[in-house]
Chemist: 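Let me begin by handing over the structure; questions about it come next.
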Amino acid sequence: MLQHLLTPAALTASSLAIACAVLSVFVVLRRWSFIGEGISHSTFGGAGTAWLLALLFPALEQSNVPYVTLLVLLFSFGTAMVIGALTRRQRVHPDAAIGIFLVSSLAWGFLAQGIYFHVRHSVPAGWDAFLFGRIDDLSPQFAAAVAVLSGVVVCVVWVLWKELVYCAFDADMAETSGVRAGVIHYLLLGLLAMVVVLGVQIAGSVLIPALLILPGTIALLISRKLSRVFVVAILAGLAGALGGLLSHLRWNFLPIGPAIVLTLFVIFIVTWIVRRFSMPTT
Amino acid sequence: MPITIESPSLPSAREGRSMNRPGSILANGKMQVTCSKIGCMPPLVSIRSLDFAYGASPVLRNLDLTVEAGSTMGVIGPNGGGKTTLVKLLTGRLQPTKGSILIDGMRPLDAVRRGDRIGYLPQNPRVDANFPINVRQTITLGLAGKAGMLRGYDRSDLAYAQSLMERLGVAELADEPIGSLSGGQLQRVLIARALVAKPKLLVLDEPTTGIDVRGQKAFIEFIAAIKEELHLTVVFVSHDLRAVTSMSDRIACLNVSLHYHDVPQHLPADLVYRMFACDLEAAGIKSTAGPLTGPFLPLVGK
């Protein structure tokens, strides 16, 4: 088992789990679960656009240009910033705005996939992996990149800890106290978009929101001390990621994304039951 | 809805007569204000020809107001009269449609971003009782703007936070979750948060709402003491006439425009009655025939 934990797959899953866990605390505290959903499903829009571009410019598919990843990144960031603008000023009801982007991106992605299938008589390369994630053939370079970017997420949260906490606690008062709440708002959304793009590779676009919700929820069931909440969220995220990875390696017909999410779900249920019947919050 | 205040017992601004008070003129427009009893201190807050409207609906019109450094300005007025809007303008959350506001020589937004110019106690603080934060953390968050991004809190500021907790009687609750506090305890914690950065201006929005009489007295005494210590200037917005008149060096009666801006002792009962008549009628209390005239309101305090 140890050798499995020292592979690029394990490093990638662990790094991603830590970054998602740290952000998930803010997602849950700020009640941004639906925002996470909206950003993750916007990756469909990016992927769909990439597939249509591949039909128009067939050379793209043969090139080494990571055009799918680039367009997914563009769509994720763009959606995150638009959602940020709408939720900050509340000109459009946030739930409605996110719902509109979510379903429209999904529709666009499936439409593009349908057009691609009609023209090429096959699903786009990586379609299944895009939906549910893939971890088997990740390169060490990709693992290192994920580790570095996850480290960036953790460093940003560490450095801007008081601003992020204040904005999550009371954004209006944070602004009145001199915190640049708008900057923090968009920065957090940008970090979410970046983590979503990374996470789509492993957990898939359908299930990546779970990694942004479950670790924080589990941690908040266990503790009411902020520093402990983050530690517990990270431990829960790691347990989910590594548990899912080991399940996939043991029974390789199990897709990695659902395996991770269901492991986290089991942890959540067990935590809830234990919390409900015995442990006080600490 | 704003009401127009007309009273045969009060001179109009156009007549240019004073109300037998040295130097003050009751007006719907510009107003000459005498030096208050604390002396002719330079104004910390200076509002000039201020208009504010939400779209086409005017909320504040032609407001001229100054708050001298070290003084307490009480702002009273009926619902919908613009008090909360004035608070939002002072704290930089809204920008004037016309005119200017300067706080310590800066626009409110610039003053807010300094992190140590304005302390604010909101009317209905939104506190998530389930948020995993304790009392000490809540109070020190008030230093976040002052400390700035990428920097930690200053040790002297943290020591001052501790001293504030002790003075407000919440030091023993320092490690308690914010959600476990009573209403009065939470109020004290939020006051500490508003003061921890040692601001120059303290804006209090209905601070005595929901507090019992004893608590109100303690609150007023605390604000008076901290005001002396920090050389604070205070803007106190409230419906509570008793609290406002007992704390304030000067009172502003606000109902879209400024209808009074002078010491509490000269506040005419007739004016107060008319200012709040629409609130009384909205509550189903029929107004008596004719305006009140004669003696001023018996005021508590100064």
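A, B, ... follow the sequence lines: proteins, then strands. Residue 1 opens every chain.
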Chemist: Given that the side chain runs from C-beta out, which part of A:V229 has a heavy atom under 4.5 Å from chain B: side chain, backbone, both or neither?
Modeler: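 Just the side chain, heavy atoms under 4.5 Å.
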Chemist: Are there over 12 heavy-atom neighbours, none belonging to B:R167, within less than 6.0 Å of that residue's CZ?
Modeler: yes
Chemist: Show your reasoning for whether side-chain contact (heavy atoms from CB on, under 4.5 Å) applies to A:V179 and B:R113.
Modeler: CA-CA 7 Å; A:V179 173; B:R113 285 184 178 162; over 6 Å; no
Chemist: Could you tell me which of A:S227, A:A168, A:A174 has the largest number of non-hydrogen atom pairs under 4.5 Å with chain B?
Modeler: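 If we count pairs closer than 4.5 Å to chain B, A:A168 comes out on top.
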Chemist: Heavy-atom cut-off 4.5 Å, strictly under: side chain, backbone, both or neither for B:N130 against chain A?
Modeler: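 It is both, since atoms from each part get that close.
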Chemist: Are A:R31 and B:D128 ion-paired here, with the side-chain N under 4.0 Å from a carboxylate O?
Modeler: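 Looking at A:R31 and B:D128, the cut-off is met.
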Chemist: Which bit of B:I178 comes within less than 4.5 Å of chain A, counting heavy atoms only: side chain, backbone, both or neither?
Modeler: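 The side chain, not the backbone.
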Chemist: Distance from A:K162 atom NZ to B:R151 atom CZ, nearest 0.5 Å?
Modeler: 8.0 Å
Chemist: Can you find a heavy atom in the side chain of A:F169 that is under 4.5 Å from one in the side chain of B:T138?
Modeler: yes
Chemist: From B:I133 CD1 over to A:L29 CG, what is the distance, rounded to the nearest 0.5 angstrom?
Modeler: 10.0 Å
Chemist: Rounded to the nearest 0.5 Å, what separation is found between the CZ atom of B:R193 and the CG atom of A:D170?
Modeler: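 Interatomic distance, B:R193 CZ to A:D170 CG, rounded to 0.5 Å: 5.5 Å.
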Chemist: One pair to check against side-chain contact (heavy atoms from CB on, under 4.5 Å): A:L160 and B:L150. What are the steps and the verdict?
Modeler: CA-CA 6 Å; A:L160 296 177; B:L150 309 180; 4.2 Å; yes
Chemist: With rounding to the nearest 0.5 Å, note down the distance linking OG in A:S177 to NZ in B:K146.
Modeler: 12.5 Å
Chemist: Do B:M149 and A:I184 touch side chain to side chain, with heavy atoms closer than 4.5 Å?
Modeler: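 Yes, close enough: below the 4.5 Å cut-off.
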Chemist: First locate atom CD of A:E175, then atom OH of B:Y120, and finally report the distance between them rounded to the nearest 0.5 Å.
Modeler: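 Taking CD in A:E175 and OH in B:Y120, the distance rounds to 12.5 Å.
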Chemist: Is any side-chain heavy atom of B:P122 less than 4.5 Å from a side-chain heavy atom of A:M173?
Modeler: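 Of all side-chain heavy-atom pairs linking A:M173 with B:P122, at least one is under 4.5 Å.
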Chemist: With a 4.5 Å heavy-atom cut-off, do A:L226 and B:N134 have their side chains touching?
Modeler: no
Chemist: Quick check: are there more than 12 heavy atoms from other residues, nucleotides or ligands sitting under 6.0 Å from CZ of A:F265?
Modeler: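 No, not enclosed.
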Chemist: Evaluate the side-chain proximity of A:V165 to B:Q137: yes if any heavy-atom separation is below 4.5 Å, no if none is.
Modeler: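 With C-beta onward as the side chain, the pair stays apart.
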Chemist: Report which part of B:A144 has an atom under 4.5 Å of a heavy atom belonging to chain A: side chain, backbone, both, or neither.
Modeler: both
